[in-house]
Amino acid sequence: MHQAPRGTADILPEQQRDWSFVYGTVAEAARAFGYARIDTPIFEDTALFARTVGEETDIVQKEMYSFQDRGGQEITLRPEGTAAVCRAYLEHGLHNQPLPVRLYYLCPMFRYDRPQAGRFRQFHQFGIEAIGDSDATVDLEVLQLAMESMERLGLGGMRLVLNNIGDAADRPRYVEALREHFRPHAAHMGRDDRRRLDTNPLRLLDSKELEGESFMASAPRSVDYIGEEARAHWQELLGYLDALGIPYRLDHTLVRGLDYYTRTVFEVHPAREGAQSAVCAGGRYDGLIEQLGGRPTPGIGFAAGIERLILNLREQGAEPQDAASAPLLLAYRGERAKAEAVRLAATLRKGSAAAVVVAPPRSLKAQLRYASALGARGVFILGDAELEHGTVTFRDMATSEQCEVPLTQAADAAR
RNA sequence: GUGGGCGUGGUCGAGGGGUUAAGACGCCAGGUUGUGGCCCUGGAGAUCGAGGGUUCGAUUCCCUCCGCUCACCCCA
């Protein structure tokens, strides 16, 4: 027997309610903020992700679904959305629109990871990007949209955590400071962390292995190394958050796992802290567009994991109500009646009612039982008597009331 | 990549070296002649994850593998 590949999941009919609720709600939130939908291909040239996400990141080093297509192209199933959206932004000259260009997406992502609660190899993200304006109000707007989405979903107690990792120009000084700080402790580190000391010292900050070590608390803070401009921008943003009464927590060890981030970085966590707790995360990426060959263009965005959002909804016991489509059922006795039932079903569907013809001929009793099990709203019964009169019997399954009406008025009877 | 837990009909889930391998839900049918949801009766459906080993005999014990799951790393 075949099974869905590891880390993938079928989204069964009974789960579709959750999914369409989340999709609908976040899309609405995005539109409320002036964001328009964009869809990019599920795969891209490998180089797009390798270069932007960062050669040293786990995503690129061990999590990409990469392969060579039949034409020899190096292809990768999209592990995240930002690089692809920026590519599309450049490719289609979206900078000719009023800036910032506000975009959102809802689509599957792929990362080769060991699956666990809230983590899959194929998962889905709701993401937004605001490209082309570096003003602090745009940062604010993005944070607001993140929190607004949670609120509209009915996810209470979400906490916003943020940090500022400075501009690319500030980075070398900070990275050097980190190296200097951590180097004396290299002996206490595992292999991975020692390597990070060379390749990407930022990542040492959120290393779980080093958590609690005495030298962690005294590690240099990125906010102390950011330039004047970035600092002003940062202060302005925090000012807005304070003025608007938006709660947040500063975390100087929040650095994010993708290389393209600059300045503002943030995560949204549910009240109940657990593994994989971030349901939403993002940040500014002011150098990314330029790196992709465009003019220097700032950008900021976030991505939220749909599966994690749904997981949290479930934990909160939120039950999105959405009346399951209650169909009308066509029951019949005899071949002629069957033909008539098929015809009537077609008419009903034209009138946009959900109509189901009982498939195998069964006793009327069985057909009604079937209707019950399906949750049918009503049943049309066609038998010899009805055929003779040119009528059909309609039974309301909730009230058990029946009436016989002319075939031509069947649709009205169902209402 | 590392570690823990678990793999019995579609689902949940007892059991245990030799059994017709429980039970529940679900599914199908019947409880008379054209009528559901409750109830009653019956039925279909399991090579007990796979391979190997121990044994007279394994689904039950051992090993390996695979899968699921949780956690670590990392991430949404």
Side-chain angles (χ1 to χ4, degrees), chain A residues 1-9 12 14 26 53 56-63 78-82 106-127 146 149 190-193 195-196 200 203 206-211 254-258 266-270 274-282 301-312 329 331-334 337 358 360 362-387 393-402 404:
Chain A
M1 277 260 286
H2 287 289
Q3 275 180 297
R6 190 160 164 73
T8 68
L12 297 172
E14 72 236 38
V26 298
V53 172
E56 271 305 316
T57 60
D58 278 16
I59 291 181
V60 170
Q61 293 232 319
K62 47 185 209 190
E63 296 177 3
R78 158 181 72 199
E80 62 100 35
T82 301
L106 280 163
C107 53
M109 302 290 172
F110 305 84
R111 291 183 201 171
Y112 187 87
D113 232 359
R114 287 284 292 259
Q116 67 188 75
R119 182 204 287 166
F120 304 88
R121 290 182 173 181
Q122 175 178 340
F123 60 103
H124 300 75
Q125 286 188 337
F126 159 57
S149 303
R191 233 188 54 223
D192 286 344
D193 284 332
R195 199 169 57 84
R196 289 193 185 110
N200 198 349
R203 302 230 49 88
D206 65 356
S207 163
K208 292 287 190 306
E209 276 190 25
L210 301 181
E211 209 172 75
L254 176 58
V255 292
R256 311 292 307 126
L258 295 81
F266 67 97
E267 293 181 351
V268 179
H269 294 259
Q276 299 84 47
S277 61
V279 296
C280 171
F302 69 71
I306 304 293
E307 284 83 355
R308 291 185 185 180
L309 292 173
I310 291 176
L311 207 61
N312 278 277
L329 196 102
Y332 55 86
R333 283 174 58 79
V358 178
R362 297 138 115 171
S363 70
L364 190 58
K365 183 198 191 83
Q367 296 189 57
L368 283 166
R369 221 198 296 259
Y370 180 67
S372 255
L374 279 189
R377 206 170 95 225
V379 177
F380 286 101
I381 301 167
L382 282 153
D384 294 337
E386 286 82 2
L387 285 180
T393 297
F394 179 72
R395 178 182 183 82
D396 183 307
M397 293 301 277
T399 64
S400 297
E401 278 165 17
Q402 287 189 195
E404 193 173 337

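In the text below, chain A, chain B and the rest are named by the order of the sequence lines, each starting its count at 1.
Residues forming a salt bridge (charged side-chain N to carboxylate O under 4.0 Å, His left out) with Lys365(A) (at least two apart in sequence, or on another chain): none. For Glu404(A), there are no salt bridge (charged side-chain N to carboxylate O under 4.0 Å, His left out) partners two or more places apart in sequence or in a different chain. Not a single side chain to side chain donor-acceptor pair (under 3.5 Å) links Gln367(A) to another residue, sequence neighbours left out. Scanning for side chain to side chain donor-acceptor pair (under 3.5 Å) contacts around Glu267(A) gives Arg256(A), His269(A), with sequence neighbours left out. The side chain to side chain donor-acceptor pair (under 3.5 Å) test applied to Asp58(A) returns no partner, not counting sequence neighbours. Considering only residues two or more places apart in sequence or on other chains, Asp384(A) meets the side chain to side chain contact (heavy atoms under 4.5 Å, CB included) condition with none of them. Take Ala373(A) and apply the side chain to side chain contact (heavy atoms under 4.5 Å, CB included) test, not counting sequence neighbours, and it matches no residue. Tyr332(A) is linked by a ring-ring contact (aromatic ring centres under 6.0 Å, His included) to nothing, counting only residues two or more places apart in sequence or in another chain. Listed by chain and residue number, Arg395(A) satisfy the side chain to side chain donor-acceptor pair (under 3.5 Å) test with Gln402(A) (two or more places apart in sequence, or in another chain).
For the pair Phe120(A) CZ and C68(B) C1', the interatomic distance rounds to 12 Å; values are reported in whole Å. Atom C1' of nucleotide G37(B) and atom CZ of Arg377(A) are separated by 18 Å, given to the nearest angstrom.
Here the side chains of Arg377(A) and Met397(A) are not in contact, with every heavy-atom distance at 4.5 Å or above. In this structure, the side chains of Tyr112(A) and Lys62(A) stay at 4.5 Å or more apart for every pair of heavy atoms.
Contact annotation: Gln367(A) side-chain N/O to U35(B) OP1/OP2 distance is not under 4.0 Å. For Arg6(A), a side-chain nitrogen or oxygen approaches OP1 or OP2 of C68(B) to under 4.0 Å.
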**Report entry** Under 4.0 Å protein heavy-atom contacts per nucleotide of nucleotides 40-51 of chain B, with B for base, S for backbone only and - for none
**Finding:** ------------
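With C27(B), G30(B), A76(B) as the choices, the nucleotide that has an atom nearest any side-chain atom of Arg111(A) turns out to be A76(B). Across G67(B), G34(B), C73(B), the shortest atom-to-atom separation from the side chain of Gln3(A) is found for G67(B). Closest to the Arg333(A) side chain, of the nucleotides A71(B), G34(B), C73(B), is G34(B). Of the candidates C70(B), G36(B), A76(B), the closest approach to any side-chain atom of Arg308(A) belongs to A76(B). Side chain of Ala385(A), nearest nucleotide from G36(B), A71(B), G34(B): G34(B). For Arg362(A), the listed nucleotide lying nearest its side chain is A29(B); candidates were G37(B), A29(B), C73(B). Taking only side-chain atoms of Leu364(A), from C-beta outward, the nucleotide of A76(B), A29(B), G34(B) with the closest atom is G34(B). If you check C70(B), A76(B), G30(B) against the side chain of Ser363(A), the one that comes closest is G30(B). Closest contact between the side chain of Ala117(A) and the listed nucleotides C74(B), A71(B), G34(B) involves A71(B).
Rounded to the nearest Å, the gap between the P atom of A71(B) and that of U11(B) is 24 Å. Distance check on atom C1': G17(B) versus C12(B) gives 27 Å, rounded to whole Å. Look at the P atom in both G9(B) and G5(B): the space between them is 22 Å, to the nearest Å. For the P atoms, the distance linking G52(B) with U60(B) amounts to 13 Å, nearest Å.
Positionally, the nearest nucleotide of RNA chain B for Pro115(A) lies more toward the 5' end than for the other of Ala281(A) and Pro115(A).
Under the stacking criterion of a centre-to-centre distance below 5.5 angstrom and an interplanar angle below 30°, Tyr370(A) is not stacked against the six-membered ring of G36(B).
Between the base of G36(B) and the side chain of Arg395(A) there is a donor-acceptor pair shorter than 3.5 Å.
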Look for any protein N or O under 3.5 Å of an N or O in nucleotides 3-7 of chain B and output each such pair with its distance, or none.
unit_1: G3(B); atom_1: O6; unit_2: Arg114(A); atom_2: NH2; d: 3.3

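Rounding to the nearest 0.5 angstrom, the gap separating the CZ atom in Arg119(A) from the CG atom in Asp113(A) is 4.0 Å.
Using bins of under 30°, 30° to 60° and over 60° for the plane-to-plane angle, the ring pair Phe380(A)/Phe394(A) lands in the tilted bin.
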Query raised in the report: Given the rule that a pair is Watson-Crick or G-U wobble with both distances under 3.5 Å, how would you write RNA chain B in dot-bracket, using | for pairs to a different strand?
Result: (((((((..(((.....[....))).(((((.......))))).....(((((..]....))))))))))))....
